[in-house]
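Below is one structure; the comments refer to it alone.
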Amino acid sequence: MASSYYQEMQENFRNNNKSREFPAHSAKVHSVAWSCDGKRLASGSFDKTASVFVLEKDRLVRENNYRGHGDSVDQLCWHPTNPDLFVTASGDKTIRIWDVRTTKCMATVSTKGENINICWSPDGQTIAVGNKDDVVTFIDAKTHRPRAEEQFKFEVNEISWNNDNDMFFLTNGNGCINILSYPDLKLIQSINAHPSNCICIKFDPTGKYFATGSADALVSLWDVEELVCVRCFSRLDWPVRTLSFSHDGKMLASASEDHFIDIAEVETGEKLWEVQCESPTFTVAWHPKRPLLAYACDDKEGKYDSNREAGTVKLFGLPNDS
């Protein structure tokens, strides 16, 4: 028996299943993220820049392009409660904090290695950045000085605080989720989550679950309190690269090199919808207030030159008649 939520969202996507693309960069887009108020979308690219769009009704209007990094922008995230600030992590061994009101770089913080992942603590006070040498640096968001630095003996993939800000999670190359106390960074638990490389991790907005995606093409859903796996989603065939929970915590989007994005109902594991893509998807992000999904794929310009990357950002969930 399908849940009423399931029926409601099926109906929603039947009427709102249009995807639209917006030019953002001159090379592939690695990361997309919404500001906490949902008014802006930021994207980070291999072209060394970040772009910010304003969401106007059913389209994204480019507001600015942020230059300064000397290498690819691999990941970015917004301040959890201030909709004007975002931070970018780059292979140029720096992170940069930007303010959309001044369009200038507020701060450049040098780090020891090539940065590949970044997250902002739920209380807004700390930015954690991980590099290719498996060092995670915790940076004070106000003073821009490093507070702590941890070298790990395993491949660190994605990092995240829990919603309560008192635990820090890392997914690693051995298929484990390592959970540290925060701020003292003592190992609480290491969970053998997957038989292969554990790639990404996301917490749902309600704080009830977190999800991990793995090279074994599985997405697992975990109970935050019990730290047990509640269910698995297995519709993808390729390593899961990116995950996002909807604003109400009831939908989970996951994507890979498969040519579709899977949208699952969290409580049942059932497929709610799939978004067709022409190429692998690098990044997905649900809007913080409505069922609108931003994403970016490894698209080529195709028509004229199959080697040129398109660098577009896409929105799914737009009205069919828009």
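Quick note: residue numbers are just sequence positions, from 1.
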Could you tell me which non-hydrogen atom of [X] sits nearest to which non-hydrogen atom of [Y], and how far apart they are?
X: Asn115; Y: Ala89; value: CB-CB, 4.0 Å
X: Pro23; Y: Thr312; value: CA-CG2, 4.2 Å
X: Ala294; Y: Leu41; value: CB-CD1, 3.6 Å
X: Trp238; Y: Ser256; value: O-CB, 3.6 Å
X: Ala285; Y: Ser244; value: CA-OG, 3.6 Å

For [X], what residues pass the side chain to side chain donor-acceptor pair (under 3.5 Å) criterion, not counting sequence neighbours?
X: Glu149; value: Lys112
X: Thr108; value: none
X: Arg290; value: none
X: Ser279; value: Asp299

> Would Ser220 and Thr212 satisfy side-chain hydrogen bond (donor to acceptor under 3.5 Å, both in side chains), going step by step from the backbone distance to the final call?
Replying inline: CA-CA 5 Å; Ser220 17; Thr212 55; 3.2 Å; yes
>> Other members of the hydrophobic cluster containing Phe168, with the 4.5 Å side-chain heavy-atom rule, please.
In response: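 Listed partners: Val136, Phe138, Phe152, Phe154, Val156, Ile159, Trp161, Leu170, Leu180, Tyr182, Leu185, Leu187.
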Would [X] and [Y] show up in the same hydrophobic cluster when neighbours are defined by side-chain heavy atoms closer than 4.5 Å?
X: Met167; Y: Trp222; value: yes
X: Phe203; Y: Leu252; value: no
X: Leu236; Y: Val266; value: yes
X: Leu85; Y: Ile95; value: yes
X: Leu292; Y: Trp286; value: no

Expected output: side-chain [X] to main-chain [Y] donor-acceptor under 3.5 Å:
X: Thr171; Y: Ile199; result: yes
X: Asn12; Y: Glu8; result: no
X: Arg20; Y: Ser322; result: yes
X: Asp47; Y: Ser72; result: no
X: Asp223; Y: Val230; result: no
X: Ser196; Y: Asp216; result: yes
X: Asn174; Y: Cys176; result: no
X: Ser43; Y: Val32; result: no
X: Ser121; Y: Thr126; result: yes
X: Asp204; Y: Thr206; result: yes

Lys/Arg N to Asp/Glu carboxylate O, [X] vs [Y], below 4.0 Å:
X: Arg241; Y: Glu158; result: no
X: Glu63; Y: Arg40; result: yes
X: Asp184; Y: Lys186; result: no
X: Asp262; Y: Arg235; result: yes

>> Can you confirm whether or not the ring centre of Tyr295 sits under 6.0 Å from the ring centre of Phe316?
In response: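 No, ring centres 6.0 Å or more apart.
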> What's the verdict on side chain to side chain contact (heavy atoms under 4.5 Å, CB included) for Ile261 and Cys277, showing C-alpha distance, side-chain angles and the deciding distance?
Replying inline: CA-CA 7 Å; Ile261 298 166; Cys277 310; 3.8 Å; yes
Atom [atom1] of [X] with >12 non-hydrogen neighbours under 6.0 angstrom:
X: Arg67; atom1: CZ; answer: no
X: Glu225; atom1: CD; answer: no
X: Lys28; atom1: NZ; answer: yes

> Taking it one step at a time, do Ser51 and Asn65 satisfy side-chain hydrogen bond (donor to acceptor under 3.5 Å, both in side chains)?
Replying inline: CA-CA 4 Å; Ser51 280; Asn65 186 247; 2.9 Å; yes
>> If you apply the rule salt bridge (charged side-chain N to carboxylate O under 4.0 Å, His left out), what do you find for Asp99 with Arg101, and how did you get there?
In response: CA-CA 5 Å; Asp99 186 328; Arg101 292 164 304 187; 2.7 Å; yes
Heavy-atom side-chain contact between [X] and [Y] under 4.5 Å:
X: Leu243; Y: Val219; result: yes
X: Leu293; Y: Leu315; result: no
X: Pro319; Y: Lys18; result: no
X: Asn16; Y: Leu318; result: no

>> Working note: Ile97 + Ile127, criterion side chain to side chain contact (heavy atoms under 4.5 Å, CB included); need CA distance, chi angles, decisive distance, verdict.
In response: CA-CA 10 Å; Ile97 302 173; Ile127 296 164; 3.8 Å; yes
>> Please evaluate residues Thr283 and Thr281 with respect to the criterion side chain to side chain contact (heavy atoms under 4.5 Å, CB included), reporting the C-alpha separation (whole Å), side-chain torsions for both, the decisive distance (0.1 Å), and the verdict.
In response: CA-CA 6 Å; Thr283 176; Thr281 301; 5.9 Å; no
>> Is it true that Glu155 and Asn197 share a donor-acceptor pair across their side chains at a distance under 3.5 Å?
In response: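 Asn197 vs Glu155: donor-acceptor pair found between side chains.
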>> Just by distance, no angles: are the side chains of Asn178 and Asn172 close enough, under 3.5 Å, to form a donor-acceptor pair?
In response: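 There is such a pair between these side chains.
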>> Between Thr268 and Glu265, does the side-chain hydrogen bond (donor to acceptor under 3.5 Å, both in side chains) criterion hold? Intermediate values first, please.
In response: CA-CA 6 Å; Thr268 61; Glu265 183 177 16; 3.1 Å; yes
>> Run Glu267 and Tyr209 through side-chain hydrogen bond (donor to acceptor under 3.5 Å, both in side chains) and show every step you take.
In response: CA-CA 10 Å; Glu267 284 303 339; Tyr209 299 119; 3.1 Å; yes
>> Applying salt bridge (charged side-chain N to carboxylate O under 4.0 Å, His left out) to Arg145 and Asp140, what does each step give before you reach the verdict?
In response: CA-CA 5 Å; Arg145 292 201 172 86; Asp140 185 309; over 6 Å; no
>> Can you pull out every ring pair (Phe, Tyr, Trp, His ring centres under 6.0 Å) where at least one residue sits in residues 30-76? Sequence neighbours excluded, please.
In response: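 For residues 30-76: Trp34-His287, Tyr66-Phe86, Tyr66-Trp98.
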> Run the side chain to side chain contact (heavy atoms under 4.5 Å, CB included) check on Val275 and Lys314 step by step: do they pass?
Replying inline: CA-CA 11 Å; Val275 182; Lys314 304 184 186 200; over 6 Å; no
